[in-house]
Amino acid sequence: MDWQPDIPRWRQVYALLEERIDDGTYPPGTRLPSAIDLQGETGVSPVTARRVLRELRAAGLAYMEPGIGTFVTRLPEPGA
């Protein structure tokens, strides 16, 4: 990933996943990458990866099934 130094990394990874949700790469009901997978894909720390998933849930974009994973909840924005 090309990091922007003035934006926290968790926000940049969050924006990446939000974009993938909006463009349909991760449609509603799709399991999102785990924190370990996000760490491997982006190079962020495990703490940062878990924060991204927590923030997606807090924003209503995802929900967690304990022991299974985090899943997409919302439909893409109109016109996306």
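On a predicted model such as this, the values are computed, not experimentally measured, just so you know. For this chain, numbers begin at 1 and follow the sequence in order.
- Shown here is D2, whose CG atom has no more than 12 heavy atoms of other residues, nucleotides or ligands within 6.0 Å.
- E55 contributes atom CD, which lies 9.5 Å from atom CZ of R57 (distance to the nearest 0.5 angstrom).
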Counting only pairs under 3.5 Å, give me each side-chain donor-acceptor contact of residues 36-44, with atom names and distances, residues two or more places apart or in other chains.
{"unit_1": "D37", "atom_1": "OD2", "unit_2": "S34", "atom_2": "OG", "d": "3.2"}
{"unit_1": "E41", "atom_1": "OE2", "unit_2": "R20", "atom_2": "NH1", "d": "2.9"}
{"unit_1": "E41", "atom_1": "OE2", "unit_2": "R20", "atom_2": "NH2", "d": "2.7"}
{"unit_1": "T42", "atom_1": "OG1", "unit_2": "L38", "atom_2": "O", "d": "2.7"}
{"unit_1": "T42", "atom_1": "OG1", "unit_2": "V44", "atom_2": "N", "d": "3.4"}

*List the steps, then state whether side-chain contact (heavy atoms from CB on, under 4.5 Å) holds for R50 with V47.*
CA-CA 5 Å; R50 285 191 298 271; V47 171; 3.5 Å; yes
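- A donor-acceptor pair is defined here as one N or O able to donate and one able to accept, closer than 3.5 Å; such a pair exists between the side chain of R31 and the backbone of I68.
- Within the 3.5 Å criterion, the main-chain N or O of Y63 finds no donor-acceptor partner in the side chain of T70.
- When all heavy atoms are compared, the tightest approach of F71 to G29 is CD2-O, 3.4 Å.
- Q12 places no side-chain N or O within 3.5 Å of a backbone atom of W3 that could act as its donor or acceptor partner.
- A heavy-atom distance below 4.5 Å is not found between the side chains of I21 and T25.
- Exactly one of V52, D22, V72 qualifies for a side chain to side chain contact (heavy atoms under 4.5 Å, CB included) with L17. That residue is V52.
- What you find for A49 and A35 is that their closest heavy atoms are CB-O, 3.3 Å.
- We find the CZ-CH2 distance between R54 and W10 to be 9.0 Å, quoted to the nearest 0.5 Å.
- Between L32 atom CG and L53 atom CG the span is 6.5 Å, to the nearest 0.5 Å.
- Counting heavy atoms from C-beta outward, Y26 and L61 have side chains that stay 4.5 Å or more apart.
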